[in-house]
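Just the heavy atoms: all of them, side chains too, but no hydrogens, waters or symmetry mates, feed the values below. Counting convention: from 1, in listed order, for ligands and their atoms alike.
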Amino acid sequence: MIVLAADHGGYLLKEEVKKHLDDIHVKYIDCGTFSTDSVDYPDMAKLACDKIISGEAEKGLLFCGTGVGISIAANKVKGIRACCCSDTFSAKYTRLHNDANILAMGGRVVGPGLACEMVDLFLTTEFEGGRHQKRIDKIKALEEC
Ligand code: RB5
């Protein structure tokens, strides 16, 4: 199960990605927003992060105009590692090396084709562990600062 959330700047891209998730039979919780009316991206980030922290969802996809604001907000939540991506290499390696649990994208930055390729890589790539685990542990230690 994955969770999706967007502000008004990411709403349309979220809807495109949902069609793709339906096509590949990936189940999701959609936390909104449900129109292009203005909402605040930290509120949308919190809704999605709560689903991951509670265990209802394993990973999340977040969308705002740039993908930046909503990823910054998500990264304030303990246990969240969100990466804003606009290329497939980063979307793959943020799973391999960073064990990211949220992929953030900008609805005003990337088109639906690229977004869906990033989503596929993000959802199917496993964390490599090994030498990367101690770095994740250090990120977790920063959460206590
Ligand atoms: C909203 O206009 C815009 O600021 C937001 O979607 C996002 O791009 C922020 O980082």
Colleague: Look at atom 10 (O) of ligand 1 and say which protein heavy atom is nearest, naming residue and atom and giving the distance to 0.1 Å.
Modeller: Gly69 N, 2.9 Å
Colleague: Please state which protein non-hydrogen atom is closest to atom 3 (C) of ligand 1 and give its distance, to 0.1 Å?
Modeller: Arg108 NH1, 3.8 Å
Colleague: Could you tell me if Tyr93 and Asn98 have a donor-acceptor pair between their side chains, going purely by distance under 3.5 Å?
Modeller: no
Colleague: In terms of atom number and element, which parts of ligand 1 are under 4.0 angstrom from non-hydrogen atoms of Gly65?
Modeller: 5 (C), 6 (O), 7 (C), 8 (O)
Colleague: Under the side chain to side chain contact (heavy atoms under 4.5 Å, CB included) test against Phe63, which residue among Val17, Asp7, Thr33 passes?
Modeller: Val17
Colleague: Please work out, at 4.0 Å between heavy atoms, whether the side chain, the backbone, both, or neither of Asp7 comes within that distance of ligand 1.
Modeller: side chain
Colleague: For atom 9 (C) of ligand 1, what's the nearest protein heavy-atom neighbour? Residue, atom name and distance, please.
Modeller: Tyr41 CE2, 3.5 Å
Colleague: Name the closest protein heavy atom to atom 8 (O) of ligand 1, giving the residue it belongs to and the distance to 0.1 Å.
Modeller: Thr66 N, 3.0 Å
Colleague: Within the 4.0 Å heavy-atom shell around His8, which atoms of ligand 1 are there?
Modeller: 1 (C), 2 (O)
Colleague: If you count heavy atoms of other groups shown closer than 6.0 angstrom to NZ of Lys92, is the number above 12?
Modeller: no
Colleague: Do Thr94 and Asp99 come within less than 4.5 Å of each other through their side chains, counting heavy atoms only?
Modeller: no
Colleague: I'd like to know whether NZ of Lys59 has more than 12 heavy-atom contacts from other residues, nucleotides or ligands below 6.0 angstrom.
Modeller: yes
Colleague: For ligand 1, which atoms have a heavy atom of Cys64 less than 4.0 angstrom away?
Modeller: 6 (O), 7 (C), 8 (O), 9 (C), 10 (O)
Colleague: Around atom CD of Glu128, are there more than 12 heavy atoms from other residues, nucleotides or ligands closer than 6.0 Å?
Modeller: yes
